[in-house]
S.K.: 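Got a structure here, written out as structure tokens. Questions coming.
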Number of protein chains: 2
Amino acid sequence: MRKKRITIEDVALEAGVHASTVSRALNPGKRALVSDVVAARVAATAQRLGYTPDPVAAGLRTRRSATIGILIPDIANPLFPPILRGIEAALAEAGYTAIIANTDNDALRARDALERLAARRVDGVILATVSRRDPLLDRCRKLGLPVVLVNRSTGGGATSAVLTDDEAGAALAVRHLALLGHRAIGHVAGPQRLSTGAGRRSGFVAARRAVGGESGPPPIAEAASYGIEAGAHAAAALLAAHPRITAIVAANDLLALGCYDEARRRGLACPRDISITGFNDMPFADRFDPPLTTVRIAQRAMGVEAARLLLAEIENPRSPKREIKLQPELVVRGSTAQPRGPSLTVPRRSR
Amino acid sequence: MRKKRITIEDVALEAGVHASTVSRALNPGKRALVSDVVAARVAATAQRLGYTPDPVAAGLRTRRSATIGILIPDIANPLFPPILRGIEAALAEAGYTAIIANTDNDALRARDALERLAARRVDGVILATVSRRDPLLDRCRKLGLPVVLVNRSTGGGATSAVLTDDEAGAALAVRHLALLGHRAIGHVAGPQRLSTGAGRRSGFVAARRAVGGESGPPPIAEAASYGIEAGAHAAAALLAAHPRITAIVAANDLLALGCYDEARRRGLACPRDISITGFNDMPFADRFDPPLTTVRIAQRAMGVEAARLLLAEIENPRSPKREIKLQPELVVRGSTAQPRGPSLTVPRRSR
DNA sequence: GGCGCTCTTGCAATCGATTGCATAGAATAG
DNA sequence: CTATTCTATGCAATCGATTGCAAGAGCGCC
């Protein structure tokens, strides 16, 4: 029993028709080519025999694998699972399956993973890894692979992408802090080679000007990567250069966590002595100490839209490239508060 | 340029040999069948032409897809990403690729996902979802699919599995609390239909007896699922039935978070008024408020071992079933402390 | 010099589906 | 009643690799 797979041939024999007829009867697109009575009979026999078409065999002939590849830096980064769920949901509707590959922010691994996906004949790829000018994209173009970016943009509009309005998000954070009374607001920026890093930074700069913060060049320190350690380093540099800062807008939640660490190291209590905001609203951000005020991005929706965009592009390779920009939302929690009045409270020392 | 794929035929033509020779020259197993000089020439031409064998086409003939399926409840549950990374790493070494499916703890979806994986002709599956007696396993057996369980067991030994020594882990937590001076220790248990829920519970019961806790039936409340809400409910029930409890051993970190919530609701400060331990040491457990004392399981190692076990079973379907049990480790953080002396401090009210 | 042996290589079938083309029979037109 | 167009189905090639079998080349031995 284990040995015998049921093939289209078996169904054909059993239904008394030719295999090609079975194929047509079972394929929604070709269904019209075969008479209703035969189609019904075939469907019934297929059902009875428990026939499942082999997508591998079909793919060989049709050149489509009903599979798409996803490149992300690291699935353990909590930003991604919700996006993946969104992608998966939209893909499943269309009968597609996703293959996920982690790159660990390593260009070589990314290259490698892409080649492996291409070898598996994926019908398209979703990239959450690329920097603003990335050779990966050229490679995809050369391979003739439809591509959609999530949470990234090349700026050029040559590639479809789904992203967050990073400028607006950063502005949300700045305005919130300004409203609380902060004047000296600093920014721990993400890597500027990534569109999110650049976008949030420029959003910060513009918003700071708009709310009329202190004059002079904006207090900004760029983190080397989107990690806690990098955030702590950048925060240290920022605070060293601008000791009077009362609030920090971090370019993502992990960087904010790094800011927490650095603040604590300096004996600064958050939010009493310094307010800190994040970006992304990653899972469990509400459980941090203190709960993180952050800019929530529509992770799942990004995934869904990205998958839809990609499917459309697979369907019609010359469909226009589109950029979908989703609006973020501020989530106020415990890491932001009014700046402490200069003399209302004595600075608190860490133990 | 985009149109033409390079096939084995192209390489054969270019190298002046037959396609079958190319196949043999490039396949490590058959490599010995062709002369060294020809093999070298073929390898060189393949290299030069940029030939990548089509695993789909090969799979059609060989009946192996070099693909395995993974069923997990939810990728957004931070327990799983490290396991997946482990699986992926071990798989990649062997040239295999993973396809991940989420089931949301829904038996129907699980069933469905399994069928889809089977249709894609995966060579085996890794299940992180099954309960102690699960129809999914019978289905795999019927399909002739090699299976390995991660972090789950059927108890029967009929299926290979990689798991944590849950009894030992629970004992670690209980002993830690006993050493701190706790006598009245309760347990928020996981669902008993899951092997982890049952194992941790029995570990708790045995350890409690061993450390000579209070007599009488052990204070235990079972959570309906491994979620924060369920944990809060169970904690409420536990504290209502046993008000004198000074410490709770939760069967996983999410349940522990639920305990945090319920404790706060009752005006109990953790760890001052009540100590709480988790299980798993999920990412960011050190960032919770308070940082969670928990039992760390070797997530990545579980993934690696599971993948190895599965590959071995694919290689040799009649290889003996094995259960690998990994030892957990206690991570002490801020959610546990000595029980407060009956009158040393006044209870603290939440605001 | 003929026989048998090993070592390489080619031939052709195969895996399971899809699809352009051909054809038989039915339906319709004239 | 014949000619023509449809419709429904079958035939066979195809996708890209793998592999059992056959055959040719080279070689040693008696």
Side-chain angles (χ1 to χ4, degrees), chain A residues 3-43 45-46 49-67 95 118-123 144, chain B residues 3-43 45-46 49-67 95 118-123 144:
Chain A
K3 325 235 51 167
K4 201 61 195 127
R5 277 216 62 79
I6 291 140
T7 75
I8 202 173
E9 199 73 38
D10 301 324
V11 178
L13 238 55
E14 186 77 9
V17 295
H18 193 264
S20 58
T21 305
V22 175
S23 171
R24 286 188 272 251
L26 263 29
N27 187 323
K30 306 283 156 59
R31 169 59 210 278
L33 293 176
V34 52
S35 71
D36 287 350
V37 39
V38 171
R41 178 151 45 94
V42 167
T45 6
L49 264 44
Y51 167 70
T52 23
D54 186 331
V56 169
L60 184 56
R61 178 71 219 258
T62 60
R63 311 267 52 202
R64 322 177 94 234
S65 58
T67 294
R120 292 214 173 250
R121 307 293 187 264
V122 295
D123 295 334
Chain B
K3 324 237 50 163
K4 200 65 197 122
R5 276 215 63 77
I6 290 140
T7 76
I8 201 172
E9 199 73 37
D10 301 325
V11 178
L13 238 55
E14 186 76 9
V17 295
H18 192 264
S20 58
T21 305
V22 175
S23 171
R24 286 189 272 252
L26 263 28
N27 187 322
K30 307 282 157 60
R31 169 60 212 278
L33 292 176
V34 2
S35 71
D36 287 350
V37 42
V38 170
R41 178 153 42 94
V42 166
T45 7
L49 264 43
Y51 167 68
T52 23
D54 186 332
V56 169
L60 183 57
R61 178 71 221 253
T62 61
R63 312 267 50 200
R64 323 177 92 235
S65 58
T67 294
R120 293 219 171 246
R121 306 294 186 263
V122 294
D123 295 334

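As the structure is a computational prediction, the values presented were derived from the model and not from experiment. Just so we're on the same page: letters track the sequence lines, and every chain starts at 1.
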S.K.: Taking atom C1' of dT19(C) as reference, at what distance in whole Å does atom CG of L26(A) sit?
M.R.: 16 Å
S.K.: Kindly give the heavy-atom pair with the smallest separation between R120(B) and V56(A), and that separation in Å.
M.R.: O-CG2, 4.3 Å
S.K.: For the pair T45(B) (side chain) and R41(B) (backbone), establish whether a donor and an acceptor sit closer than 3.5 Å, ignoring hydrogens and angles.
M.R.: yes
S.K.: Grab the CG-C1' distance between L60(B) and dC15(D) for me, whole Å please.
M.R.: 9 Å
S.K.: If you find the nucleotide of DNA chain C closest to R24(B) and the one closest to R61(B), which residue's nucleotide is nearer the 5' end?
M.R.: R24(B)
S.K.: With a non-hydrogen cut-off below 4.0 angstrom, is R63(B) in contact with a base, only sugar-phosphate, or nothing?
M.R.: sugar-phosphate
S.K.: Nearest-Å distance, CZ (R41(B)) to C1' (dT8(C))?
M.R.: 12 Å
S.K.: Short question: side chain of S65(A), backbone of R121(A) - any donor-acceptor pair under 3.5 Å?
M.R.: yes
S.K.: To the nearest angstrom, how far is R64(A) atom CZ from dT14(D) atom P?
M.R.: 22 Å
S.K.: Expressed in angstrom and rounded to an integer, what is the separation of R31(A) atom CZ from dT9(D) atom P?
M.R.: 11 Å
S.K.: Under 4.0 Å between a Lys/Arg side-chain N and an Asp/Glu carboxylate O for R63(B) and D123(B)?
M.R.: no
S.K.: For a quick check of understanding: with a heavy-atom distance under 4.0 Å over all strands, which category does V17(A) fall into, base, sugar-phosphate or nothing?
M.R.: sugar-phosphate
S.K.: How is V56(B) classified with respect to the nucleic acid when contacts are heavy atoms under 4.0 Å: base, sugar-phosphate, or nothing?
M.R.: nothing
S.K.: Counting only side-chain heavy atoms from C-beta out, which of dT19(D), dT9(C), dA17(C) sits nearest to T62(B)?
M.R.: dT19(D)
S.K.: To the nearest Å, how far apart are H18(B) NE2 and dT8(C) P?
M.R.: 19 Å
S.K.: Looking at T21(B), does any N or O in its side chain come under 4.0 Å of the phosphate oxygens OP1/OP2 on dG10(C)?
M.R.: yes
S.K.: Indicate whether OP1 or OP2 belonging to dT18(D) is found under 4.0 Å from a side-chain N or O atom of S23(B).
M.R.: yes
S.K.: State, with a plain yes or no, whether a side-chain heavy atom of K30(A) is found less than 4.5 Å away from one of T21(A).
M.R.: no
S.K.: Specify the separation, in whole Å, of atom CG of L13(A) and atom C1' of dG10(D).
M.R.: 14 Å
S.K.: According to a strict under-4.0 Å criterion, is K30(A) in side-chain N/O contact with OP1 or OP2 of dT18(C)?
M.R.: no
S.K.: Considering only side-chain heavy atoms of I8(A), which listed nucleotide, dT18(C), dT9(D), dA17(D), is closest?
M.R.: dT18(C)
S.K.: Whole-Å distance between dC11(D) C1' and L33(A) CG?
M.R.: 16 Å
S.K.: Going by modelled atom types, is there a donor-acceptor pair between the base of dC11(D) and the side chain of S20(A) at under 3.5 Å?
M.R.: yes
